[in-house]
Amino acid sequence: MKTNVDKLKILDLNRRFHDEVEADNYDERMGVNHSILEVRNTVLELESVLGRPLPAKGRVVDLGAGTGNISIKLALDGRFEKVTAVDISSKSLQVLESTALKHGVEVETIVSDMQKLPFETNSLDLVVGCAFLHHLPDPVAFMLEVRRVLKPEAPFIIIGEPSYFGAAVTNMVKFPLVLINRLRNSFSRERLFHWEHDQIDVHTFSHDDIAEIFNNNFKEIRVCSEGFAEPVIDQAALVPLRHVLPDYLPLRVIFSVIRKVARFTDYLIFNPLLPASMKVTLKISGSS
């Protein structure tokens, strides 16, 4: 985990990246859908990280919600009285609102850089988030804000965060594609928004980092490590290729098949055999 980063620069680049690059096509590129099966699978995943059933009512907030992969599914699940999505990208939240309307559910959206969370102290029954903590300038200060807004004993669940080892492997594998893309951009006449990935994906987390962020401020901490083939192949190859290749249906199908094969390989081989320190994805839960 990095320290002493340029907070204002990181926030501005993340806002621009998700507004100008990601929002319009993220769901389609990533194969996001909100079927009954996917809603159920998401709830089961969150409950497996938490180690118990999700709260049966109250208000849940999805932090770093993006286009609503988690928050829309929780709204469709129907157990919560209010679902709120928070993100720095107004464009992503506009996509979320359109998707929620299509599925006939209501999700409140709030644009915020999340440096100070826009909620009263002790007001939330559950906080969730997917693959967002590593984008923030100061994860330690952010989690103090999460503790402030959670009701006493209320849980948080964060999934999809990159481990230090996993990020190192991913960066090594994707380096040739990154180099090709930089050369392509240097000869391009288009006025594109250019960025470096380490300015968007700011942090990776070791288990010592997780202890620093969570152990002193929360209780009942659970850390789950999983995945190797799928996240490495997806982040090192498929994500860079999606940015440069045409968005054709046959390519989307091929990428989807590759991800499913890699996921099955993780389930069958890497998750049972690799030590936790060598797995790529971190999931963390705890309570205030």
Side-chain angles (χ1 to χ4, degrees), residues 7-35 38-39 42 45-46 59-77 80 82-119 124 126-137 139 142 145-146 149 156-162 192-203 231 234-235 238-240 242-243 247 252 255:
K7 180 172 73 173
L8 294 179
K9 181 179 180 180
I10 294 301
L11 292 172
D12 182 61
L13 286 173
N14 267 281
R15 177 188 57 77
R16 291 191 61 196
F17 175 75
H18 290 92
D19 275 349
E20 300 175 27
V21 178
E22 286 284 75
D24 281 335
N25 60 8
Y26 179 84
D27 285 358
E28 190 171 29
R29 283 195 300 104
M30 300 303 290
V32 173
N33 74 81
H34 302 289
S35 66
E38 286 301 313
V39 170
T42 296
E45 179 179 10
L46 294 174
R59 185 181 188 185
V60 57
V61 171
D62 181 9
L63 296 174
T67 55
N69 185 31
I70 300 295
S71 49
I72 291 174
K73 290 180 174 65
L74 292 179
L76 287 166
D77 178 66
F80 295 101
K82 187 172 187 177
V83 178
T84 301
V86 181
D87 202 272
I88 196 172
S89 167
S90 60
K91 189 73 173 292
S92 294
L93 293 179
Q94 289 171 13
V95 173
L96 186 158
E97 290 167 353
S98 176
T99 305
L101 182 64
K102 174 183 173 183
H103 287 277
V105 293
E106 183 176 347
V107 178
E108 178 189 37
T109 58
I110 300 175
V111 179
S112 170
D113 65 13
M114 300 190 295
Q115 299 307 286
K116 181 173 176 58
L117 294 176
F119 304 103
L124 304 181
L126 173 65
V127 163
V128 299
C130 178
F132 77 101
L133 193 64
H134 63 284
H135 293 308
L136 302 180
F142 170 80
E145 273 292 284
V146 171
V149 300
F156 73 86
I157 308 168
I158 296 174
I159 62 176
E161 294 300 334
L192 300 174
F193 167 47
H194 298 304
W195 71 94
E196 296 296 333
H197 280 281
D198 63 358
Q199 297 170 338
I200 306 298
D201 298 327
V202 183
H203 303 285
D234 186 53
Q235 294 299 315
L238 300 187
V239 168
R242 289 188 197 104
H243 280 296
D247 186 24
R252 293 205 303 270
F255 288 168

**OP:** Test side chain to side chain contact (heavy atoms under 4.5 Å, CB included) on Phe156 and Val128 and set out the steps.
**Re:** CA-CA 6 Å; Phe156 73 86; Val128 299; over 6 Å; no
**OP:** Please report the C-alpha distance between Leu126 and Val61 in whole Å, then the side-chain angles of each, then the deciding distance to 0.1 Å, and finally whether the side chain to side chain contact (heavy atoms under 4.5 Å, CB included) criterion is met.
**Re:** CA-CA 6 Å; Leu126 173 65; Val61 171; over 6 Å; no
**OP:** Kindly determine whether Val21 and His18 satisfy side chain to side chain contact (heavy atoms under 4.5 Å, CB included), including the steps that lead there.
**Re:** CA-CA 6 Å; Val21 178; His18 290 92; over 6 Å; no
**OP:** Give the intermediate values and the outcome of side chain to side chain contact (heavy atoms under 4.5 Å, CB included) for residues Glu22 and Phe17.
**Re:** CA-CA 7 Å; Glu22 286 284 75; Phe17 175 75; 3.2 Å; yes
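Judged as a side-chain hydrogen bond (donor to acceptor under 3.5 Å, both in side chains), and not counting sequence neighbours, the contacts of Asp19 are Ser89. By the side-chain hydrogen bond (donor to acceptor under 3.5 Å, both in side chains) test, Arg15 is found to be paired with Asp12, residues two or more places apart in sequence or in another chain being considered. For Glu45, the salt bridge (Lys or Arg N to Asp or Glu O under 4.0 Å) partners at least two apart in sequence or on another chain are Lys283. Every residue two or more places apart in sequence or in another chain that forms a ring-ring contact (aromatic ring centres under 6.0 Å, His included) with Phe132 is listed here: Phe142. Pro231 meets the side-chain contact (heavy atoms from CB on, under 4.5 Å) test with Asp266, Val280, Thr281; sequence neighbours excluded.
A distance of 11.5 Å separates CD of Gln94 from OG1 of Thr99, quoted to the nearest 0.5 Å. Remark: Glu161 CD to Asp201 CG distance equals 9.5 Å, nearest 0.5 Å. To the nearest 0.5 Å, atoms CG (Leu46) and CD1 (Ile157) are separated by 5.0 Å. To the nearest 0.5 angstrom, Leu76 atom CG is 9.5 Å from Ser35 atom OG. Ile10 CD1 to Leu136 CG: the interatomic distance, rounded to the nearest 0.5 Å, is 10.5 Å.
Across Leu11 and Gln115, no two heavy atoms sit closer than the pair CD2-NE2, 3.7 Å. Contact record, Val95 with Ala23: CG2-O, 3.7 Å, taken as the closest heavy-atom pair. Here the closest heavy-atom approach between residue Val146 and residue Leu117 is recorded as N-CD1, 3.8 Å. Of all heavy-atom pairs between Ala85 and Val107, the closest is CB-CG1, 3.9 Å. Residues Pro137 and His203 come closest through the heavy atom pair O-NE2, 3.3 Å.
In this structure, the side chains of Asp87 and Val111 stay at 4.5 Å or more apart for every pair of heavy atoms. Side-chain atoms of Ile88 and Met114, non-hydrogen and from C-beta on, never get closer than 4.5 Å to each other. With contacts defined as side-chain heavy-atom distances shorter than 4.5 Å, the pair Arg59/Glu108 qualifies.
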Without placing hydrogens or testing angles, list every side-chain donor-acceptor pair under 3.5 Å for residues 62-74, not counting sequence neighbours.
unit_1: Asp62; atom_1: OD2; unit_2: Ser71; atom_2: N; d: 3.1
unit_1: Asp62; atom_1: OD2; unit_2: Ser71; atom_2: OG; d: 3.4
unit_1: Thr67; atom_1: OG1; unit_2: Asp27; atom_2: OD1; d: 2.5
unit_1: Asn69; atom_1: OD1; unit_2: Lys73; atom_2: NZ; d: 2.7
unit_1: Lys73; atom_1: NZ; unit_2: Asn33; atom_2: O; d: 2.9
unit_1: Lys73; atom_1: NZ; unit_2: His34; atom_2: ND1; d: 3.1
unit_1: Lys73; atom_1: NZ; unit_2: Asn69; atom_2: O; d: 3.2

